[in-house]
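I have placed the structure first, in the form of structure tokens, so that the comments after it can refer back to it.
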Amino acid sequence: MAIQTAHHELEQGDINLPDTGRPVVRSTKGVISSGHYLTSMAGMRMLLDGGNAFDALVAAGFAAAVIEPIASYSLAAEGVFMLHDAATGETLSLSGQGTAPGKATAEFYKSRGMDRIPTGPGDQAHFSFTLPGIVHAYISMLERYGTMTIDQVLAPAIEYAEKGIPHYEYMIERLKSPNTPIQFDNYPPGGWDVFFNNKELPKPGDILVQPGLANTLKAMSDAAVEGDRAAGLKAAKDVFYKGSVAKTIVQNSERVGGILTMEDLANYESQFGQAVSTTFEGHEIFGHDSWSQGPMVQQSLNMLENFDLKSMGHNSPEYIHTVSEVFKLVFGDREGYYGDPDYAEVPIDGLLSKEYAAERAQLVDPEGAYPTQRAPGDPWRYSNGVAQREATAVGTNGGSMNGATDDSAHDGTTHVSALDDQGNLVCGTISGGAFAKSVFFPDLGCCLSTRIEMFNCEEGHPNVVEPGKRPRTTLINYIAHKDGQPVMTIGCPGGDNQAQANVQLMLNTLVFGMDPQQAVEAPRFSTQSVVNSFYPHTYLPGRLDLEEGIPESTADALRARGHDVARAANCGLGATVSARDPKNGHLSTGGDPRRACYAMGL
């Protein structure tokens with residue numbers, strides 16, 4: 001009788017609820033995670049057809065331009081990638097960050113009365129148009145590491161754009177932003193006829209068809225050369241950067257007063273580069289150089305090594321205080337020293353020095369929050385650079401203390417991660433072309449990037465605007481190695497919250513032993529005590545955002561330490577941790593429930 005009762009109880013449900021709202025997705029053949037289930041399916045179709053992780057990521061990335069335009073991600077925008085190629089053993093950074101056009105100089109903007117480069121909402125958004133880098137990066141990745149043809153990887157995206165996709169709740173919520181219709185009206189016709197129904201919000205399940213974007217994608221797909229994969233990839237790249245799509249981009253830019261030229265587009269190149277790295281908890285963490293905010297994560301981990309985080313307890317008041325105070329110190333260095341190293345001398349070795357980190361960590365007051373933006377330190381003392389120099393930080397007086405956070409941190413960017421059974425790992429953080437910040441061109445089917453808003457106009461600063469230069473982008477992601485083998489990709493969209501969220505994902509996994517799903521679901525926090533990267537460069541001194549999952553008792557304890565605590569719906573959203581066990585080939589990943597993310601296994 002007892003045995004029958006036990007069986008009966010088990011039939012009614014589990015004895016305990018799972019630790020997470022979604023399962024860890026596990027496989028030995030391949031996994032993919034992205035900001036939407038249809039985006040993930042586009043990549044999965046490549047894996048099912050025999051493609052590798054690189055093919056899957058590119059197909060998903062093209063599809064995301066159709067599925068996730070409300071993630072401030074456009075086909076005419078940018079992305080950054082970390083990749084490991086099993087065949088060569090390379091772990092590299094790939095920059096698909098767009099650059100400043102040829103006319104974009106500090107004097108150009110200052111002569112027009114602009115101290116910073118403006119974006120929408122407003123009628124000066126065209127001054128921030130940035131060269132699109134994402135398509136060049138996708139095709140360069142396929143040329144070097146992929147196996148599939150351009151028409152194969154574009155097929156899902158074209159199908160989604162031409163035949164339509166159902167509107168979904170996350171998209172509709174973003175379309176409710178009051179700034180989107182304002183910007184559509186600033187540069188008519190905008191996207192009214194594409195994304196709205198007679199200027200009314202669509203309902204979930206209404207079909208979204210994007211004919212302009214379909215035509216842009218088909219122009220590249222039609223360039224495929226039967227029997228010659230390499231020639232087809234090159235031809236597609238030429239269509240976008242030198243041919244019909246380039247002409248559409250430049251004509252639209254000129255029509256509204258932008259400064260992009262055919263020469264600018266023809267000269268654009270994405271860049272493979274050596275990753276920068278540090279060690280933490282027995283792992284080597286690889287990321288992007290100082291043309292991004294990427295080294296912030298390695299700097300933070302170096303400083304946090306000087307604290308016993310585990311004994312503090314995950315998301316305890318002491319833990320959140322310590323980590324957020326370290327973030328403030330690293331933001332100070334970001335503002336003073338980061339910039340495109342092809343144009344500025346950056347003491348990256350000093351910034352990533354363990355000795356420098358130990359020195360900076362001593363500035364953390366365990367009982368009191370620093371009330372304003374931190375000043376930069378002096379990493380030149382730990383650098384092999386040719387000369388010691390003072391930081392040229394942009395002052396906080398350039399920020400807008402209006403008490404409102406920038407929408408870009410909450411609505412922008414998406415992330416894709418793909419792993420296969422050959423040992424390849426790749427992740428991409430892709431973004432740009434927000435409806436409220438840019439201009440939507442119906443014939444192109446998307447907005448142009450406005451990422452050069454992240455430059456300043458301070459002569460001599462590492463991040464001053466210059467033609468051909470990459471703005472110090474917020475887009476970042478990472479690959480972790482253990483014992484010389486790649487074991488994890490990490491990424492999280494969210495503007496200036498990205499570096500902070502990525503650090504927390506790494507601490508969740510490497511210090512607290514969380515699995516990929518637990519790591520992304522755990523509540524996060526972020527300091528806003530820095531001039532925001534996005535125009536109008538909001539500055540909220542002393543502000544510390546906490547997600548709702550962090551108890552009010554913890555918030556009170558942080559207020560007692562001097563933090564100006566506010567509640568935030570998210571502190572980075574769309575996070576992904578994907579893991580690989582090199583011993584048995586076990587692959588795992590998860591999906592962030594803060595948005596319509598979805599993970600799949602083959």
Side-chain angles (χ1 to χ4, degrees), residues 69-70 72-78 98-132 174-196 199 212 248-261 264-265 398-412 431-457 465 467 471 495 531-539:
I70 36 68
S72 304
Y73 166 53
S74 155
L75 188 67
E78 58 262 338
T99 56
K103 295 179 182 178
T105 65
E107 179 57 32
F108 174 86
Y109 292 103
K110 287 181 177 179
S111 69
R112 287 159 177 78
M114 303 172 190
D115 291 328
R116 299 298 294 262
I117 301 172
T119 68
D123 60 5
Q124 293 184 313
H126 53 275
F127 286 113
S128 61
F129 287 165
T130 307
L131 290 170
R174 270 53 195 174
L175 290 175
K176 289 179 182 178
S177 166
N179 290 330
T180 293
I182 290 172
Q183 196 64 0
F184 284 172
D185 286 340
N186 282 333
Y187 293 88
W192 282 115
D193 294 339
V194 179
F195 298 99
F196 289 79
K199 294 200 171 182
T248 301
I249 290 172
V250 171
Q251 288 168 0
N252 277 306
S253 172
E254 290 175 342
R255 179 173 60 81
V256 298
I259 58 175
L260 299 182
T261 68
D264 289 330
L265 283 162
S400 170
M401 295 178 62
N402 59 11
T405 55
D406 183 2
D407 286 344
S408 301
H410 300 282
D411 297 346
S431 187
F435 291 163
K437 299 177 76 67
S438 185
V439 180
F440 184 85
F441 297 113
D443 54 346
L444 184 64
C446 59
C447 294
L448 296 178
S449 168
T450 59
R451 189 71 56 169
I452 61 170
E453 67 183 298
M454 294 185 177
F455 281 122
N456 61 59
C457 295
V465 61
V531 174
N532 194 280
S533 294
F534 294 89
Y535 186 83
H537 308 290
T538 304
Y539 177 46

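Atom OH of Y73 and atom SG of C447 lie 13.0 Å apart (nearest 0.5 Å). Here the OG-CD1 distance, from S177 to I182, works out to 8.0 Å after rounding to the nearest 0.5 Å. Separating the OG atom in S533 from the CE atom in M454 is a distance of 5.0 Å, to the nearest 0.5 Å. Separation of atoms OG1 (T180) and CZ (R174) is listed at 11.0 Å; rounding is to 0.5 Å. For the atom pair N456 CG and I117 CD1, the distance stands at 8.5 Å (nearest 0.5 Å). N186 CG to S438 OG: the interatomic distance, rounded to the nearest 0.5 Å, is 12.0 Å.
When side chains are defined from C-beta on, F195 counts as touching L175, because their heavy atoms get closer than 4.5 Å. By the 4.5 Å heavy-atom criterion applied to side chains, I259 and F108 are counted as neighbours. F129 places none of its side-chain heavy atoms less than 4.5 Å from the side chain of D264. The shortest distance between side-chain heavy atoms of P189 and P442 falls below 4.5 Å. Contact of the F196 side chain with the F184 side chain is registered, since non-hydrogen atoms from C-beta on lie closer than 4.5 Å. Contact of the T248 side chain with the D443 side chain is registered, since non-hydrogen atoms from C-beta on lie closer than 4.5 Å. Annotation: side chain of P467 is not in contact with side chain of T99 (no heavy-atom distance under 4.5 Å). Counting heavy atoms from C-beta on, the side chains of F455 and R116 never come closer than 4.5 Å.
There is a side-chain donor-acceptor pair under 3.5 Å between T450 and E453. When only modelled atom types and interatomic distance are considered, S431 and R451 share a side-chain donor-acceptor pair under 3.5 Å.
Under a 3.5 Å cut-off, the side chain of K437 and the backbone N or O of Q183 do not form any donor-acceptor pair. Using a distance-only test at 3.5 Å, with no hydrogens or angles considered, no donor-acceptor pair links the side chain of H537 to the main chain of V531. Counting only distance, with no hydrogens or angles, the side chain of Y109 and the backbone of F127 share a donor-acceptor pair below 3.5 Å.
Pairing each heavy atom of V465 with each of A104, the nearest pair is CG2-O, 3.7 Å. Closest approach of S449 to E78, counting heavy atoms only: OG-OE1, 2.6 Å.
Other residues, nucleotides and ligands place no more than 12 heavy atoms under 6.0 Å from the NZ atom of K103. Shown here is D185, whose CG atom has more than 12 heavy atoms of other residues, nucleotides or ligands within 6.0 Å.
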Stepwise, does the side-chain contact (heavy atoms from CB on, under 4.5 Å) test hold for L260 with T130?
CA-CA 8 Å; L260 299 182; T130 307; over 6 Å; no

How far apart are the C-alpha atoms of I249 and L448, what are their side-chain angles, what is the distance that settles it, and do they pass the side-chain contact (heavy atoms from CB on, under 4.5 Å) test?
CA-CA 8 Å; I249 290 172; L448 296 178; 3.9 Å; yes

The test is side-chain contact (heavy atoms from CB on, under 4.5 Å); show your working for S128 and Y535 and say whether it passes.
CA-CA 10 Å; S128 61; Y535 186 83; over 6 Å; no

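Ring to ring, Y187 and F441 are not that close: their centroids are 6.0 angstrom or more apart.
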